[in-house]
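Some notes on the structure that comes next.
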2 protein chains.
Amino acid sequence: MVERNKETIQATKTSFEIVHTLQEIGPARLSEIAEELELAESTTHRHLQTLHDIRYVSRDGERYQLGLRFARLGRAAQTCDPAYEMTQRHVEVLAEETGERAQFVVEDHGLGIYLHVETGSQAVRVGFGVGRQIHLHSSSVGKAILAHYPHERVDEILDQWGLPAHAANTITDREALYEELETVRDRGVAFNREEHVDGLNGTAVPVKRDGRAIGALAVAGPSHRLTSEWLDEEVPDMMLAAANELELNATYASDAGSRDHIVE
Amino acid sequence: MVERNKETIQATKTSFEIVHTLQEIGPARLSEIAEELELAESTTHRHLQTLHDIRYVSRDGERYQLGLRFARLGRAAQTCDPAYEMTQRHVEVLAEETGERAQFVVEDHGLGIYLHVETGSQAVRVGFGVGRQIHLHSSSVGKAILAHYPHERVDEILDQWGLPAHAANTITDREALYEELETVRDRGVAFNREEHVDGLNGTAVPVKRDGRAIGALAVAGPSHRLTSEWLDEEVPDMMLAAANELELNATYASDAGSRDHIVE
DNA sequence: GGTATGCGTTCCGCTATGCGGAACTGAAAG
DNA sequence: CTTTCAGTTCCGCATAGCGGAACGCATACC
């Protein structure tokens, strides 16, 4: 390698690569990780030792795994988001009222991240928990958010992540997505008809602040249960009411919000 | 610096130092971080750029903050723990039955980490959320866990973290703690009488597997409400029942547990 | 009980890599 | 128009991180 590598630190990236490997394959031995990442064992060892030192990985005899210290960082990252606290209750209520899975999602680095997930009484228990990432083009929440973003930002995001197909109905054409976003903007509600997972529908409304979306509320469920009337009328009404209340809150509370800073 | 630095990577540590700074002081500007850590601005810049690249920090104009990608890692770390799933329900039930705050805590690197926290109807809402770390010597959960650890491990932990005083009643003498642990082992229940926070009591029972504690269930509340009879008799009974069920589960399910591996 | 195998750790020498200082940019304030 | 300040880029140097090889240390195999 000759050129100066875009002003970025390799060691840090490698350490996080190791963390990702542990996240994906779970508790693993040193040699597995080294092989997976095509690193020398000595190098892998040094990284793991460092991460262990600072308590971000634990080892149980011969297996390494993610340290629970990450739980703290994860929480800190979530509570940093101004929308975190005020949306929690609304998601709970939505889950209860609809009986389906309710969620609140925000955008970060061009992806959607689930901040809250509540499963109603009859909700499907698929693995879309808190912290999960989702492409914005193929989900109701994503479209709700993108519809209220400036054009150039939407382009940036689509450039970065593309429009990969996740299910039969995924919108993979950029122009088609623009049109869809237009519609979403007009209606104030975004739908997902089996665009992300076959058999799964969703409905989302943006939560705005100063005209820009700071996140989106959504309800998701199996397509056979989220039928047209229910989905087109009742659910959106509930969600719009919630979003409305939130928006009042958001602009009202403004920066007076008491960030519950966890000390130490 | 002359000696080879204990076989550990400085760059990774610095990156995490920056992450910690962001965790503590919240959204911050580059210069603040650089000053806080006494790093050159160019160095700080390089680290932040790297962390931004891999989506672990976001920037909002001129302020950097923790990226939400950490939420995913945090969840992954939690669900890695075999006790995570099976204890959730029990904590919920305990919170409901007692009306107080119920918790499940495990040990990692010699500290207690809250895996579940549920606040009952009248529970105090202090900042001890999921992911929070706590010293083992000054909490009911900690004592419950330590009481069922091998002696040498307890020593190691005390060597590493000491016995700092957090409240008026904190046990700061090693011998006194050993005696206390003896008592806990006999009774099967650990108490915390304003040892961690003044005015806050707690009761904990260990959840064991093969004789070793894999975590502890606890109920905590203001000392005026958690009075002697209630605390000494009823609460422990409820918790022991829960722990018992869990232990059967733990040894029964053994390694047959279906780890709900979040794919992608 | 000796040998083989496999995994983890330590050692070592090389150079790429991360470092701080200084120079540059660009915006906001005076 | 100048000054100031925060952030970014440039640059040369020394060190810190790298891979390969050697070393321990088990457990398995014969």
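Reminder, nothing fancy here: chain letters follow the sequence lines and each chain counts from 1.
The aromatic rings of A/His151 and A/Tyr178 stand perpendicular to each other, their planes meeting at an angle above 60°, with 30° marking the opposite boundary.
Across the protein-nucleic acid pair, A/Glu41 atom CD and C/dT9 atom P stand 10 Å apart, rounded to whole Å. In this structure, CG of B/Leu39 is placed 14 Å from C1' of C/dG21, rounded to the nearest angstrom. Whole-Å rounding puts the A/Arg46 CZ to C/dG18 P distance at 12 Å. B/Ile9 places its CD1 atom 15 Å from the C1' atom of C/dT10, with the value rounded to the nearest Å. For B/Gln49 and C/dT17, the CD to C1' distance is 16 Å, given to the nearest whole Å. Per the geometry, NE2 belonging to B/His47 stands 15 Å off P belonging to D/dT8, to the nearest Å. Remark: P of C/dG8 and CD1 of A/Ile18 are 13 Å apart, rounded to the nearest angstrom. One can place CG of B/Leu48 at 13 Å from C1' of D/dA6, the figure rounded to the nearest angstrom.
For B/Thr8 and A/Thr50, the side-chain atoms include at least one donor-acceptor pair closer than 3.5 Å. At a cut-off of 3.5 Å, with distance as the only test, no side-chain donor of A/Gln133 or A/Tyr114 sits close to an acceptor on the other residue.
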Give the table of side-chain donor-acceptor pairs shorter than 3.5 Å for residues 138-146 of chain A, with sequence neighbours excluded, one pair per line with atom names and distance.
| unit_1 | atom_1 | unit_2 | atom_2 | d |
| --- | --- | --- | --- | --- |
| A/Ser138 | OG | A/His166 | ND1 | 3.2 |
| A/Ser138 | OG | A/His196 | ND1 | 3.0 |
| A/Ser139 | OG | A/His135 | O | 3.2 |
| A/Ser139 | OG | A/Gly142 | N | 3.1 |
| A/Lys143 | NZ | A/Glu180 | OE2 | 2.8 |
| A/Lys143 | NZ | A/Phe191 | O | 2.7 |
| A/Lys143 | NZ | A/Glu195 | OE1 | 2.9 |
| A/Lys143 | NZ | A/Glu195 | OE2 | 3.1 |

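Each of A/Glu62 and B/Glu38 lies near DNA chain C, and the nucleotide nearest A/Glu62 is the one positioned closer to the 5' end. Comparing A/Leu30 and B/Thr44 by the nucleotide of DNA chain C whose heavy atom lies nearest to each, the residue mapping closer to the 5' end is A/Leu30.
Residue B/His45 has a polar side-chain atom (N or O) positioned under 4.0 Å from OP1 or OP2 of D/dT8. Between B/Arg59 and D/dT8 there is a side-chain N or O to OP1 or OP2 distance below 4.0 Å. Contact between the side-chain N/O atoms of B/Arg29 and the OP1/OP2 oxygens of D/dT8 is not found at any separation under 4.0 Å.
A centroid separation of 6.0 Å or more is found between the aromatic rings of B/Phe70 and A/His109.
Scanning atom types as modelled, no donor and acceptor separated by under 3.5 angstrom connect the side chain of B/Ser42 and the base of D/dG7.
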